[in-house]
Amino acid sequence: MLLAFAGASSPLGVTEIARRVGLSKAVVHRLLQTLVSTEFVSYSAATRRYTIGPAALSLGQRASAQSELRTVGLPIIARLADDSGESTTLSARVGHRRVYIGQVESSQPIRITIVPGQQVSLAVGSSSMCILAHLTERDVDIVLSRPIPPATERTAVDPALIRRRLAQVREQGFAVTEGERVPESIGIAAPIFDAFDEVAGALSIACLASRTDERRLAELIPLVTQAAADISRDLRQLQAGRPHLG
């Protein structure tokens with residue numbers, strides 16, 4: 001139904017939409033009522049015609065933002081993988097979850113890998129902590145009101161503990177977790193911000209705990225925060241001057 005509006009140069013009536021999608025007018029009218037109620041489509045009583053609504057525009061903007069994040073982020077996480085010798089990942093926020101949109105694997109024979117396209121709770125993992133820490137209190141409440149299935153025996157599931165960790169992430173600008181999503185791994189992540197100063201995602205280094213001591217962490221953390229700052233800078237430049245649709 002939404003694709004029926006693609007390429008339309010003017011608002012569409014029920015008859016035209018029915019012709020474009022190959023459905024009866026009765027079915028189209030019923031579906032349109034749902035789309036109007038969710039603001040994916042807007043209706044003008046004066047013309048009795050329909051146009052794309054603000055929810056669809058916001059969704060399109062979010063998809064475009066993810067593509068832009070991947071475009072500017074992949075070269076930088078590739079550089080980060082070279083500089084660190086470890087696997088690097090790029091995640092985008094999708095509602096109250098995040099999705100992996102990029103990965104550069106370490107050249108070491110034993111390494112951490114992820115599944116591109118995999119969605120992860122915003123309550124689990126270093127990248128999730130970095131995103132959740134910079135959302136509104138309402139968003140945090142929503143995420144932490146849901147059950148947190150433990151990925152490993154070290155997964156933090158206590159909302160009070162997670163809230164304290166979020167405050168620490170906001171203060172220091174990065175997150176470090178050990179074995180909370182992938183056993184025997186350490187994740188070091190930093191948030192990425194867009195042109196509207198909203199958190200767009202996060203990047204991380206994923207390395208084996210057995211070869212990551214305090215000295216190694218001290219070497220890796222500045223690399224991660226600098227790479228995240230570089231992606232934020234490039235993303236803001238790419239989006240400069242664009243209206244914010246929310």
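All figures in this text were calculated on a predicted structure; none of them were measured in a lab.
- In terms of modelled atom types and a separation under 3.5 Å, the side chain of Gln33 and the main chain of His29 share a donor-acceptor contact.
- Sorted by first and then second residue, the ring pair (Phe, Tyr, Trp, His ring centres under 6.0 Å) pairs involving residues 99-154 (not counting sequence neighbours) are His134-Phe193.
- Partners of Arg49 under the side-chain hydrogen bond (donor to acceptor under 3.5 Å, both in side chains) rule, at least two apart in sequence or in another chain, do not exist in this structure.
- For residues 165-175, the pairs satisfying side chain to side chain donor-acceptor pair (under 3.5 Å) are Arg165-Glu180, with sequence neighbours left out.
- Tested against Glu86 for a side chain to side chain contact (heavy atoms under 4.5 Å, CB included), the candidates Ile205, Val224, Val104 yield a single pass: Ile205.
- With contacts defined as side-chain heavy-atom distances shorter than 4.5 Å, the pair Thr88/Leu203 does not qualify.
- In this structure, Asp141 pairs ionically with Arg163, as a charged nitrogen and a carboxylate oxygen lie closer than 4.0 Å.
- Between Arg233 and Asp230 a salt bridge is recorded (basic side-chain N to carboxylate O distance below 4.0 Å).
- Taking 4.5 Å as the limit, every side-chain heavy atom of Val99 sits out of range of all side-chain heavy atoms of Val120.
- Of all heavy-atom pairs spanning Ala200 and Leu235, the tightest one is CB-CD2, 4.0 Å.
- Here Arg93 contributes atom CZ and Asp194 contributes atom CG; the two are 10.0 Å apart, rounded to the nearest 0.5 Å.
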Candidate pair Ile101 and Ser91, rule side-chain contact (heavy atoms from CB on, under 4.5 Å), full reasoning: CA-CA 6 Å; Ile101 61 173; Ser91 296; over 6 Å; no
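- No donor-acceptor pair closer than 3.5 Å links the side chain of Ser204 to the backbone N or O of Ala206.
- Between Thr71 atom OG1 and Asp234 atom CG the span is 11.0 Å, to the nearest 0.5 Å.
- Of all heavy-atom pairs between Cys130 and Val169, the closest is CA-CG1, 4.0 Å.
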For Tyr50 and Val36, run side-chain contact (heavy atoms from CB on, under 4.5 Å): C-alpha distance rounded to whole Å, both residues' side-chain angles, the deciding distance at 0.1 Å, then the answer. CA-CA 9 Å; Tyr50 298 84; Val36 168; 3.9 Å; yes
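- Remark: Leu23 CG to Ile17 CD1 distance equals 11.0 Å, nearest 0.5 Å.
- Within the 4.5 Å cutoff, no side-chain heavy atoms of Val182 are placed close to those of Thr152.
- Residues Ile192 and Val199 have side chains not in contact (no heavy-atom distance under 4.5 Å, counting atoms from C-beta outward).
- Distance CG/Leu35 to OG/Ser42: 10.5 Å, rounded to 0.5 Å.
- For Phe174, the ring-ring contact (aromatic ring centres under 6.0 Å, His included) test picks out no residue, with sequence neighbours left out.
- Remark: Thr15 engages no residue in a side-chain hydrogen bond (donor to acceptor under 3.5 Å, both in side chains) (not counting sequence neighbours).
- Of all heavy-atom pairs spanning Thr225 and Gly173, the tightest one is CG2-O, 4.2 Å.
- The neighbour count for Glu184 CD, taken as heavy atoms of other residues, nucleotides or ligands under 6.0 Å away, does not exceed 12.
- Contact between Ala156 and Ile162 at its shortest, heavy atoms only, is O-CD1, 3.7 Å.
- In summary, of the residues considered (Ser126, Ser128, Ser185), a side chain to side chain contact (heavy atoms under 4.5 Å, CB included) with Thr177 occurs for Ser126 alone.
- The heavy-atom pair separating Ile77 from Gly102 by the smallest distance is CD1-C, 4.0 Å.
- To the nearest 0.5 Å, atom CD1 of residue Ile221 and atom CD1 of residue Ile188 are 6.0 Å apart.
- Checking side-chain atoms of Ser87 against main-chain N and O of Ile112 turns up a donor-acceptor pair under 3.5 Å.
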Determine, step by step, whether Arg236 and Asp197 satisfy the side-chain contact (heavy atoms from CB on, under 4.5 Å) criterion, reporting the C-alpha distance in whole Å, the side-chain angles of both residues, the deciding distance to 0.1 Å, and the verdict. CA-CA 9 Å; Arg236 284 166 169 156; Asp197 289 326; 3.0 Å; yes
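- Side-chain atoms of Leu122 and Asp139, non-hydrogen and from C-beta on, never get closer than 4.5 Å to each other.
- The closest side-chain heavy-atom distance from Leu2 to Val41 is below 4.5 Å.
- Across every non-hydrogen atom of Thr89 and Ser127, the tightest pair is OG1-OG, 4.4 Å.
- Taking a cutoff of 4.0 Å between a charged side-chain nitrogen and a carboxylate oxygen, Lys25 and Glu16 do not qualify as a salt bridge.
- Annotation: side chain of Val143 is not in contact with side chain of Arg97 (no heavy-atom distance under 4.5 Å).
- By the side-chain hydrogen bond (donor to acceptor under 3.5 Å, both in side chains) test, Asp158 is found to be paired with no residue, residues two or more places apart in sequence or in another chain being considered.
- The distance from atom CD1 of Ile131 to atom NE2 of His96, rounded to the nearest 0.5 Å, is 12.0 Å.
- Side-chain contact check for Leu223 versus Glu219: every heavy-atom pair is 4.5 Å or farther apart.
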Decide yes or no on side-chain contact (heavy atoms from CB on, under 4.5 Å) for Arg211 and Arg216, but give the supporting numbers first. CA-CA 8 Å; Arg211 60 175 181 242; Arg216 180 65 171 150; over 6 Å; no
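- By the criterion of side-chain heavy atoms lying less than 4.5 angstrom apart, applied directly or through intervening Ile, Leu, Val, Met, Phe, Trp or Tyr residues, Ile142 is not grouped with Leu144; the two fall into different hydrophobic clusters.
- Summarising the local packing, CD of Glu153 is surrounded by 12 or fewer heavy atoms from other residues, nucleotides or ligands at distances under 6.0 Å.
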